[in-house]
Each structure stands twice: as C-alpha cells, then as structure tokens.
> 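Dumping the structure here so I can ask a few things about it.
Just so we're clear, the structure is a prediction, and the values are computed from it rather than from any experiment. Lettering of chains follows the sequences in order, A, B, ..., and the numbering in each one begins at 1.
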Amino acid sequence: MIFYYNNNERGHLIENNTSSQREQVARKIGVFVAWPYSSGPRHVGHGAALLPADVVARYERSRGSDVLMVSGTDEYGTPNLIAAEKKGMSTKDFVDMTSAIIRKDFIDLGMSFDWFTHTTSPNHAEVAQNIFANLVDSGYVTLGTMNGSFDSITSQALPDRYVEGTCPRCGTEGARGDQCDNCTSLLDPTDLIDPHSSLTKNPVEFRPTQHYFLNLDLLKNEVEEFIEQNPNLRTEAKKLSSSLISELRPRAITRELSWGIPLPKGYELENGENRVLYVWFEAVIGYLSASIEWAKNKGNPEAWKDWWTENKSKNYYFMGKDNVPFHTIIWPAIIAAKNHNVRDGEVILKKPDIIASSGNLNFGGSKFSSSRGNVAYIKDMIKIVGPDALRYYLISSGPENRDSNFAVEDLILKYNNELLAKWGNLVSRVTNLIERDFNGIVPSKENINSVSDQDLLNHVATTYKTVGELIESGKLSAALREVMDCIAHANKYIVEEKPWEDTSIKNGRSEEVLTALSIFIENINKLLCPFIPHASQKVSNAFGQKDIISPMPIEIKNQYGQGVLSGDYSQSLDWKYTKNWLGNKLSGGKAVIFPKFKNEEILKVFNDLL
RNA sequence: GGCGGUGUAGCUCAGUUGGUUAGAGCGCGGGACUCAUAAGCCCGAGGUCGUAGGUUCAAUCCCUACCGCCGCUACCA
C-alpha cells in the first residue's frame with residue numbers, strides 16, 4: 001500500500017486508496033439540473049439525462065464535498081397556456097398539478113435535491129427581473145422590432161411551426177411555417193397561402209411587434225472564449241455549440257403573452273402593451289435564483305455565494321443534448337453581460353464549469369412521444385420495477401455519449417442477470433451462511449491474510465479510487481461496470497473458498513472467508529450507493545447497521561407556500577474503505593434485497609399501461 | 001433543403017490520439033459444483049468494426065462519395 005502526504009497544511013498520512021480529497025478543505029460542488037418543463041409526468045428519457053446529477057451529488061457528498069443540488073419546474077410559456085386551456089383549468093392550477101407530479105417522480109427516483117423549486121416562485125421572478133433590468137441599463141438588452149405571427153381571433157403569438165397553410169411551391173395543404181414536408185422547401189410563415197394556426201385553425205395575422213433583444217453579437221467573444229477554453233465540455237456539446245456561435249445575433253427575450261414573468265417596473269413598453277420575459281431567458285437564471293431561494297429558506301441569505309463566486313466551487317450542469325446551447329451560449333452570455341455591470345454588494349457570477357450532456361433515450365427506435373403514446377414514464381417504471389432497477393439500467397445502458405434505446409426487456413435482463421444474480425445473490429448467500437453457521441453474528445476474525453483474502457480486499461479498497469475518478473470524469477457507466485467487475489471477483493472467490501464446507505470447524509477457514517466477504521460487501525455497498533441508494537440502504541440495514549447512508553429527498557413548502565423538494569443529506573456514507581459491520585447481528589437473517597422479475601408479468605403490466 | 005449525430009459480435013453498448021490475435025455485459029452451446037433468488041463458477045462458439053474508393057509502410061479509427069437510421073432547423077429547452 002502506498003502512503004503519501006497530501007498537500008494541505010496538515011500534511012498527515014493518508015492512504016492512497018481511500019481517496020485523499022476528503023482530507024482537503026471541503027470544496028463546494030454545484031450540481032445544477034436542467035429544469036424540466038412542467039407539462040406532465042417525466043418519461044424515462046428525462047430520467048436518463050438527469051439521473052447522473054444525483055449520482056455525482058451523492059458521490060461528492062460522500063467524499064466530503066459541500067454539495068448544492070438545485071433545480072425546479074419550468075412553468076411559463078405557451079405550451080402550458082394551451083394545455084391548461086384544453087383541460088379547462090387555470091394555467092396556474094395546471095402547472096401546480098404537473099409540477100407536483102414531477103416532484104413525485106423525482107422523490108420516487110431518489111433525486112437528492114437540496115432545493116427543487118419553481119420558475120413561478122416570486123423569488124425567481126425578482127432575480128430574473130433584476131438581471132433583465134441590469135442588462136437593459138448596461139445596453140446588452142435593447143428594444144427592437146420583429147415581425148410576429150398571431151392568431152387573428154385569440155391574438156396568441158405563434159411559433160413558425162404552429163403556422164399552417166398551403167405550400168406556395170407544390171400546393172400541398174398543411175405545410176408548416178418553417179418548411180413544407182412534401183417538397184421540403186424552406187418557408188417563411190408569410191409565404192404560406194391561407195395561413196392559419198395549427199392549434200385553433202384561425203387565420204394568422206402578421207404584424208410588427210416591439211420586443212427586448214439580448215444582443216448576443218456583443219458577447220460573442222466572451223462566449224467563444226468560454227466554449228473554447230472549457231476542457232470539460234464533452235466533444236459533442238462543443239461541436240454543437242461551435243457551429244452555432246458563428247451566427248450569433250440579437251434574440252428577442254420577451255413575448256406577448258399573459259403567462260410569464262412581467263417586465264420589471266420602469267421597463268414596460270411605452271405604448272402600454274404587455275410583455276413577459278421569454279422562458280429561455282428566465283429559466284436558465286433559475287440555477288442562480290434557486291440557489292438564492294435555498295439560502296434564504298435556510299436562514300442564511302448569503303450562503304448561495306459560495307457556489308457562485310469564481311474559484312470557490314466547481315459547478316456541474318446536467319441536461320439532455322438538446323439543451324446544450326442554452327448552457328454553452330445563452331447562460332454564459334447572460335452571466336458575461338451581468339458581470340459587465342456589477343453593483344455594490346453583488347458578486348461576479350461564475351460561469352458553468354462542466355456541461356454534462358447526455359444523448360437521447362429512444363424508444364422503439366424513435367424518440368419518446370407522449371402524444372403518440374410512444375412513451376415509458378418514470379412513475380410507471382418505478383411502480384413496476386422499483387427505483388433502483390430503473391437507475392441501474394439507465395446508468396449502465398443509458399445514453400451517456402450517444403443516443404441509446406430503451407427496452408423494458410433489456411431492463412429486466414440487466415436487473416435479473418447482473419444486479420440480482422451477481423450482487424443480490426452474493427448478499428443472499430453470505431447472509432445465509434452467517435445466519436446458519438454463526439447465529440447471525442457477522443464474523444470478525446482477526447488477521448485474515450491469506451493471499452486470496454488480501455487480493456479480494458485490496459481489490460475493493462482500490463476500487464474507490466478507480467470509481468471516483470470515473471464518476472468525476474463523467475463516465476458513470478464505466479464506473480458502475482468497474483464495481484460489477486469487482487463483485488465478480490467475490491463470486492469467484494466464494495466458489496474457490498467454499499465457506500459452506502467446513503461448518504463443523506469453529507474459528508476455521510469459513511470464519512476468515514465470511515469475515516472477508518462481509519468487509520467486501522460493506523464496501524461494495526458503499527460503492528454502489530450513489531447508483532442504487534435505496535438498495536444500498538437495505539443491504540446496510542440487513543447487516544445490522546442503523547445509520548442512514550442514502551438520505552432521500554422530501555417535499556416541504558418554500559417561503560411562498562409552494563411545494564418544493566429538499567432534504568438533509570448530512571448523514572451520507574464515507575467514500576473510503578471501512579470495516580464497521582464486523583460483529584453486528586444481522587437484522588433479518590438471510591437477506592433477499594432484489595426480488596426476481598418475471599419477464600412476462602412485467603411486460604404485461606407495462607403494456608397495459610401504454 | 002441546411003446543420004449535426006450515428007452505423008463495431010444475436011441484443012445493448014465500449015474502444016482504437018492509425019500499428020501485433022477488436023472488447024464488455026447480456027443472450028447462446030458445453031462442463032463441474034450446490035452455500036445461494038435454477039442464482040454463482042469454469043470452458044467455448046460468434047464480428048471481412050455500413051458500402052466503395054483515397055491517403056499511409058500500416059485504417060475499424062484520417063479524407064471523399066454513397067447507402068441506412070436518428071435528431072435539430074430558433075420564438076414547445
């Protein structure tokens with residue numbers, strides 16, 4: 001075993017294989033999760049993109065980092081306005097309902113948010129309005145005019161693709177305002193013959209409208225520098241961003257809607273027309289506003305600053321790949337602009353450190369689509385297979401670097417043949433032997449030092465470092481694979497050592513082997529904890545531990561009475577080799593943590609839900 | 001149409017900054033065992049790394065073209 005001095009002032013000896021970082025001053029880690037649009041329950045594709053955030057957060061906490069994990073539901077915008085109308089509900093009631101559904105999804109999945117709030121939070125409106133006003137004052141946001149499409153009856157502003165009409169080139173009806181699917185001509189909404197809204201079928205009217213614009217062209221150099229000099233952008237994210245950056249131009253950041261954050265006082269249009277901040281401007285500000293809201297709620301209103309000041313923290317942002325430009329261009333641009341006009345008492349905001357984007361999770365070869373019924377919801381999958389089977393599958397087979405495909409059959413296979421057969425079965429056979437031959441007391445033989453024992457324990461001890469490094473570099477599926485490989489070592493070991501054979505000999509080989517295996521299981525269980533926290537807690541309890549190693553989020557109210565997610569995660573496990581279980585009494589004898597799934601039954605339930 | 005991605009064993013995916021026999025898990029075939037959730041262990045069979053050219057001493061990995069699939073194309077993140 002190698003020892004070395006870490007480079008902090010205390011300089012005491014630490015073991016190389018138990019992760020030196022926790023010995024250093026606790027560092028701040030921001031885990032910022034893309035805000036789900038609160039249109040309804042989240043499908044497993046959303047889970048695949050956001051789950052890595054929880055793995056990183058749990059891992060970082062366990063190695064002693066001070067983690068702030070925030071997000072919330074993105075509630076403003078046209079789609080919710082329309083959806084609520086269709087349901088005959090007020091927009092506020094609709095988003096309250098859908099936001100609650102999403103919070104339930106995340107609680108069930110075990111997403112350990114410190115603060116999961118709302119874009120409809122008054123605090124968010126205030127922060128967004130302040131930034132907006134600041135940018136207007138410094139000239140990065142200015143008034144301009146654009147030609148808008150409107151529903152002539154409802155006056156609703158329409159996106160290009162909601163404008164429908166007859167194609168001027170090929171005469172096909174039902175061409176969209178951006179493109180005709182029949183002849184593939186690129187179109188402008190004004191090109192269409194007889195343009196009408198695809199939502200209401202009402203005629204479309206075009207008229208120049210006044211809006212505030214974010215002058216992205218003025219910020220091009222700073223954004224470019226941010227992208228080029230960021231070593232942590234995944235290559236795809238970098239490519240995606242670089243191609244967009246050459247054509248940066250002012251973008252309208254206000255909309256003519258009733259459902260949104262109003263312009264701050266003193267910045268309203270002179271003609272008295274109503275404008276609200278557009279979601280892609282205000283929603284990204286949510287990372288900051290949620291941090292502030294969390295700090296206020298905690299009674300320490302300045303606490304958020306540790307995560308937003310340069311050189312104090314390392315901030316991860318997690319999202320699906322379609323979200324990347326908003327985090328590599330828009331958000332850094334807003335931050336850069338804001339930092340040009342720092343007022344007394346304000347901090348210079350730090351830009352993202354790590355943009356962790358995932359690919360898309362497809363289903364049956366094409367993307368999830370609620371409207372086409374081609375979808376698997378998180379809530380349904382959790383109902384059928386539980387949170388950890390889903391987590392295991394999404395991390396091990398999910399779209400980490402590229403798009404991947406979701407299949408319930410694969411999930412069941414992964415669970416039954418890996419999680420259950422390799423890990424669950426090991427726990428089961430070891431607890432069974434301890435119960436049978438040692439009256440349920442975990443053996444604690446001193447001096448286990450045969451070569452095979454040492455190999456096994458060294459392997460799991462060094463795996464902390466390997467897995468930690470893989471998690472930090474965003475390779476979660478490889479990290480999980482590393483743990484599973486380590487488990488394979490134990491399955492080989494138990495077959496070779498046959499601890500079930502010498503039951504008559506007390507203090508014999510069996511005691512040594514089961515001691516080693518108990519230590520092994522204790523540590524593997526911790527290595528698995530960020531990935532499958534629910535099951536880890538159960539294994540820990542089965543071995544007689546009372547402490548919480550996998551704290552879970554709970555729903556509380558924020559200072560405005562809105563339902564938010566928070567939690568106390570101070571009791572996280574330690575990311576280092578330990579042997580605390582020896583001598584414990586098993587809490588329930590032989591432990592079966594993972595029930596076996598019957599393929600046909602699961603598929604039947606799943607298909608019935610579709 | 002434009003932009004981008006992708007095509008590696010039956011399946012889901014790694015990987016190669018170009019270099020001797022291309023990897024994993026699952027699935028499949030065979031074997032020995034029985035503590036264990038018919039799980040675990042051992043052995044094995046499967047791939048001309050989408051197609052055609054080019055660059056190179058050498059390409060699955062670079063370039064070009066083509067074919068297939070997927071996504072985005074700005075006011076639904």
> Can you figure out which of B/C26, B/U34, B/A36 approaches the side chain of A/Trp500 most closely?
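In terms of side-chain proximity for A/Trp500, the closest of B/C26, B/U34, B/A36 is B/U34.
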> Answer with base, sugar-phosphate or nothing: what part of the nucleic acid does A/Ala283 contact at a heavy-atom distance below 4.0 Å?
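A/Ala283: base contact, heavy atoms under 4.0 Å.
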> Would you measure the distance from the C1' atom in B/C42 across to the matching atom in B/U64 and give it in whole Å?
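Per the computed distance, 49 Å lies between those C1' atoms.
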> Strictly below 4.0 Å: does A/Lys422 bring a side-chain N or O up to OP1 or OP2 of B/G40?
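For B/G40, OP1/OP2 do have a side-chain N/O of A/Lys422 under 4.0 Å.
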> Where the side chain of A/Arg251 is concerned, which of B/C76, B/A74, B/C13 is the nearest nucleotide?
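Selected nucleotide: B/A74.
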> Please state the C1' separation for the pair B/G15 and B/U8 - nearest whole angstrom.
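B/G15 and B/U8 have their C1' atoms separated by 9 Å.
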> Under 4.0 Å, counting only non-hydrogen atoms across every strand here, what does A/Val284 touch: a base, just sugar-phosphate, or nothing?
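Contact class for A/Val284: base.
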> The side chain of A/Pro79 is closest to which nucleotide in this list: B/G40, B/C76, B/G25?
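Given the options B/G40, B/C76, B/G25, the side chain of A/Pro79 is closest to B/C76.
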> Does OP1 or OP2 of B/C33 have a side-chain N or O of A/Lys498 closer than 4.0 Å?
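For B/C33, neither OP1 nor OP2 has a side-chain N or O of A/Lys498 closer than 4.0 Å.
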> Once you measure the plane-to-plane angle for A/Phe281 and A/Phe132, does it fall in the parallel (<30°), tilted (30-60°) or perpendicular (>60°) bin?
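Plane angle over 60°, so perpendicular.
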> Tell which nucleotide pairs with B/A52, taking only Watson-Crick or G-U wobble pairs whose two distances are both under 3.5 angstrom.
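Per the H-bond distance test, B/U64.
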> Set out, in order, the CA-CA distance, both residues' side-chain angles and the distance that settles side-chain contact (heavy atoms from CB on, under 4.5 Å) for A/Phe520 and A/Leu426, then state yes or no.
CA-CA 11 Å; A/Phe520 179 86; A/Leu426 177 68; 4.0 Å; yes
> Is the ring centre of A/His327 less than 6.0 Å from the ring centre of A/Tyr287?
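Centroid separation for A/His327 and A/Tyr287: below 6.0 Å.
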> Between B/C76 atom P and A/Glu75 atom CD, what is the distance in whole Å?
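A/Glu75 atom CD is separated from B/C76 atom P by 18 Å.
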> Can a side chain N or O of A/Asn432 be found less than 4.0 Å away from OP1 or OP2 on B/A36?
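Indeed, a polar side-chain atom of A/Asn432 lies that close.
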> Heavy atoms under 4.0 Å, any strand shown: does A/Ala252 hit a base, just sugar-phosphate, or nothing?
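Result for A/Ala252 = nothing.
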> Using the side-chain heavy atoms of A/Tyr37, tell me which of these nucleotides is nearest: B/C76, B/G40, B/C42.
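Nearest listed nucleotide: B/C76.
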> Are there more than 12 heavy atoms of other residues, nucleotides or ligands under 6.0 Å from atom CD of A/Glu435?
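Result for CD/A/Glu435: enclosed.
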> Of all the nucleotides listed (B/C41, B/U12, B/C26), which has the minimum atom distance to the side chain of A/Asn417?
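Among B/C41, B/U12, B/C26, the one nearest the side chain of A/Asn417 is B/C26.
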> Does A/Arg207 make a cation-pi contact with A/Phe150, if we ask for NZ or CZ under 6.0 Å from the ring centre and within 45° of the axis?
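Yes, a cation-pi geometry.
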> What is the distance from CG of A/Asn405 to C1' of B/C13, rounded to the nearest Å?
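So the two atoms are 12 Å apart, to the nearest Å.
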> Let me know the distance between CD of A/Glu418 and P of B/A39, rounded to the nearest Å.
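Taking atom P of B/A39 as the reference, CD of A/Glu418 is at 14 Å.
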> Mind checking if A/Leu413 touches a base, just sugar-phosphate, or nothing, with heavy atoms under 4.0 Å?
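Sugar-phosphate, no base atom in range.
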> Just name whichever nucleotide pairs with B/G19, Watson-Crick or G-U, keeping both distances under 3.5 Å, else none.
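Paired with B/G19, as far as the under-3.5 Å criterion goes, is B/C57.
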> Can you check the distance between B/C57 and B/C41, where both ends of the measurement are the P atom (answer in whole Å)?
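Going atom to atom, P in each nucleotide, I get 48 Å.
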> Which residue, A/Asn416 or A/Arg481, contacts RNA chain B at a nucleotide closer to its 5' end, judged by nearest heavy atom?
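Looking at the nearest nucleotide for each, A/Arg481 comes out on the 5' side.
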> Can you tell me the pairing partner of B/A14 across any strand shown, Watson-Crick or G-U wobble, with both distances under 3.5 angstrom?
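None - no nucleotide pairs with B/A14, as no candidate has both distances under 3.5 Å.
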> With heavy atoms under 4.0 Å as the rule, sort A/His327 into base, sugar-phosphate or nothing.
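If one applies the 4.0 Å heavy-atom cut-off, A/His327 turns out to touch a base.
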> Quote, to the nearest angstrom, the C1' distance that separates B/G47 from B/G7.
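14 Å, rounded to whole Å.
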> By the 4.0 Å heavy-atom rule, please label A/Leu517 as base, sugar-phosphate, or nothing.
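Since no nucleic acid heavy atom lies under 4.0 Å of A/Leu517, the category is nothing.
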> Taking for each residue the nucleotide of RNA chain B with the nearest heavy atom, is it A/Val430 or A/Glu496 whose nucleotide lies nearer the 5' end?
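The residue closer to the strand's 5' end, by nearest nucleotide, is A/Val430.
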> How many Å lie between CH2 on A/Trp35 and C1' on B/C76, as a whole number?
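In whole Å, B/C76 C1' and A/Trp35 CH2 are 18 Å from each other.
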> Under 4.0 Å between any heavy atoms, over every strand shown, what does A/Ser404 touch: base, sugar-phosphate, or nothing? Just pick one.
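The residue A/Ser404 makes sugar-phosphate contact but no base contact.
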> Is there a Watson-Crick or G-U wobble partner for B/G44 with both distances under 3.5 Å, and if so, which one is it?
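Per the H-bond distance test, B/C28.
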> In whole Å, what is the span from the CH2 atom of A/Trp423 to the P atom of B/G25?
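That distance rounds to 19 Å.
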> Please measure how far the P atom in B/G54 lies from the corresponding atom in B/G25, and state the result in whole Å.
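Result for the P pair: 38 Å, nearest Å.
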> Taking the side chain as every heavy atom from C-beta outward, state whether A/Phe543 and A/Val427 have any pair of such atoms under 4.5 Å apart.
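Yes, their side chains come closer than 4.5 Å.
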> Please work out if A/Lys492 contacts a base, only the sugar-phosphate, or nothing of the nucleic acid, heavy-atom cut-off 4.0 Å.
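A/Lys492: backbone/sugar contact only, no base atoms under 4.0 Å.
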> For atom NZ of A/Lys351, decide whether the heavy atoms of other residues, nucleotides or ligands shown that lie under 6.0 angstrom number more than 12.
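Atom NZ in A/Lys351 is packed in, count exceeds 12.
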> If you measure from the C1' atom in B/G4 to the same atom in B/A38, how many Å do you get, rounded?
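Nearest-Å result for B/G4 against B/A38 at atom C1': 48 Å.
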> Can you check the distance between B/U60 and B/A22, where both ends of the measurement are the P atom (answer in whole Å)?
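Those two atoms are separated by 11 Å.
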> Given the C1' atoms of B/G71 and B/U56, what is the spacing between them in whole Å?
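The same atom, C1', in both gives a distance of 35 Å.
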> With both distances under 3.5 angstrom, what nucleotide forms a Watson-Crick or G-U wobble pair with B/A74?
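With both distances under 3.5 Å required, B/A74 matches none.
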> Checking one value: the base orientation of B/G46, syn if chi is within 90 degrees of 0, otherwise anti.
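Nucleotide B/G46 adopts syn.
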